[in-house]
Amino acid sequence: MPSLHLHAGHSPERESSLTALLRSCDLEEWLGVAARRWACPEHGDFPRWQETVRALPLHTARHVELNTDQPEIGTLEEMDTEQRTCLASGLRKLAPWRKGPFSAFGVSIDAEWQSFMKWNRVLPHVSDLRGRRILDVGSGNGYYLLRMAGLGAHLALGVDSNWLANWQFAALTRFLPPDLPAWMIPAQFEDLPESTFDSIFSMGVLHHRRDPREHLQRLRRYLEPGGELVLETLISEEAPASGMLPIDGRYANMRNVWTLLHPDRILHLLDEAGFRSPRCVDRTATTLEEQRTTDWMPFHSLQEALDPEDPARTVERLPAPVRAIFIAFA
Ligand SMILES: C[S@@+](CC[C@H](N)C(=O)[O-])C[C@H]1O[C@@H](n2cnc3c(N)ncnc32)[C@H](O)[C@@H]1O
């Protein structure tokens with residue numbers, strides 16, 4: 001099998017630890033998918049990101065605290081000024097940082113999303129993550145994978161097709177102990193062989209799928225009997241009787257939102273996909289505190305997506321973003 005660490009900027013120790021962990025979870029084939037993707041990335045910026053991550057200082061953090069709003073990887077005192085300057089400039093080259101925040105050796109990465117706000121809404125409703133094999137579909141840069149590892153997951157495995165998100169995760173995990181049980185595969189969920197997990201998180205993905213029913217059915221197949229699904233997505237309480245508000249063009253400036261579903265419709269689709277006891281545990285309007293332009297994500301954000309005359313609507317005159325969390329069991 002092609003070596004992962006050469007491509008991903010991991011240490012050989014990290015690769016062997018991950019390989020053993022994934023084999024013990026019957027995920028050998030997934031390793032193969034990851035190795036092939038790293039070897040054949042088909043993205044023009046890949047060499048630049050690879051060079052950036054490889055140029056980061058090689059330093060395993062002594063202080064690691066992942067179970068906190070801003071995961072901490074190393075302290076200010078653990079790096080000299082020259083190394084920290086190199087680190088800060090490398091991390092900035094991996095912008096825009098959409099998910100976070102993180103702290104790496106005193107460098108504070110203030111991402112567009114205050115991702116802990118979602119995590120703090122989700123966490124009271126999920127089973128104890130200790131010892132669980134978890135799949136995070138559409139894991140972004142792995143913010144939640146680090147939080148899951150911090151809570152004692154046996155395996156926190158992310159899958160995300162976005163290369164920059166994978167490089168951000170590779171940059172952060174470079175400083176973490178090689179046996180950290182969190183890892184990301186740069187692929188589409190639909191391209192991964194069937195396997196089963198104790199918990200699956202699908203957060204911020206359903207509204208990007210052209211066929212939400214197929215996504216839910218697939219999630220169901222990847223769960224162990226009794227396993228837990230945590231689904232988070234944009235919803236619309238204004239959806240027509242069909243329970244579906246089709247999006248024609250952009251939604252909140254995003255090009256790839258296809259449908260907003262009414263929460264009752266999502267509960268129905270979960271039931272239809274064979275999930276047990278589906279329930280909606282949270283509905284929250286996204287605020288300008290949670291999603292905003294920062295130094296590390298300098299482009300337009302939620303503010304520019306809302307109608308300045310009526311912030312309850314988007315610039316397309318659709319309902320402003322509301323997100324809901326659903327829990328269901330296989
Ligand atoms: C809105 S972001 C959400 C990230 C994170 N889960 C969160 O809740 O903050 C959606 C992510 O899902 C990824 N994604 C969407 N569809 C996917 C698919 N079919 N397979 C893998 N990743 C996918 C995108 O690349 C993107 O990083």
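Ligands are counted one by one from 1 in listed order, and the atoms in each one are counted from 1 as well.
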Q. With the threshold set at 4.0 Å, does a side-chain nitrogen-carboxylate oxygen contact exist between Glu228 and Arg276?
A. no

Q.
For ligand 1, give me the residues whose heavy-atom distance to it is below 4.0 Å, by chain and number please.
A. Lys99, Lys118, Gly138, Gly140, Tyr144, Val159, Asp160, Ser161, Asn162, Ala187, Gln188, Phe189, Glu190, Met203, Gly204, Val205, His208, Arg209

Q) Quick one: do the Glu316 and Thr314 side chains pair a donor with an acceptor below 3.5 Å? A) yes

Q) Taking the six-membered ring for Trp, are Trp119 and Trp113 ring centroids under 6.0 Å apart? A) no

Distance-only donor-acceptor pairs under 3.5 Å for side chains of residues 88-98, two or more places apart:
unit_1	atom_1	unit_2	atom_2	d
Arg92	NH2	Asp295	OD2	3.3
Trp97	NE1	Leu91	O	2.9
Arg98	NH1	Glu112	OE1	2.9

Q. Is the backbone of Leu76 close enough, under 3.5 Å, to the side chain of Arg84 for a donor and an acceptor to pair up by distance?
A. yes

Q. Relative to the ring of Trp30, is the ring of Tyr222 parallel (under 30°), tilted (30 to 60°) or perpendicular (over 60°)?
A. perpendicular

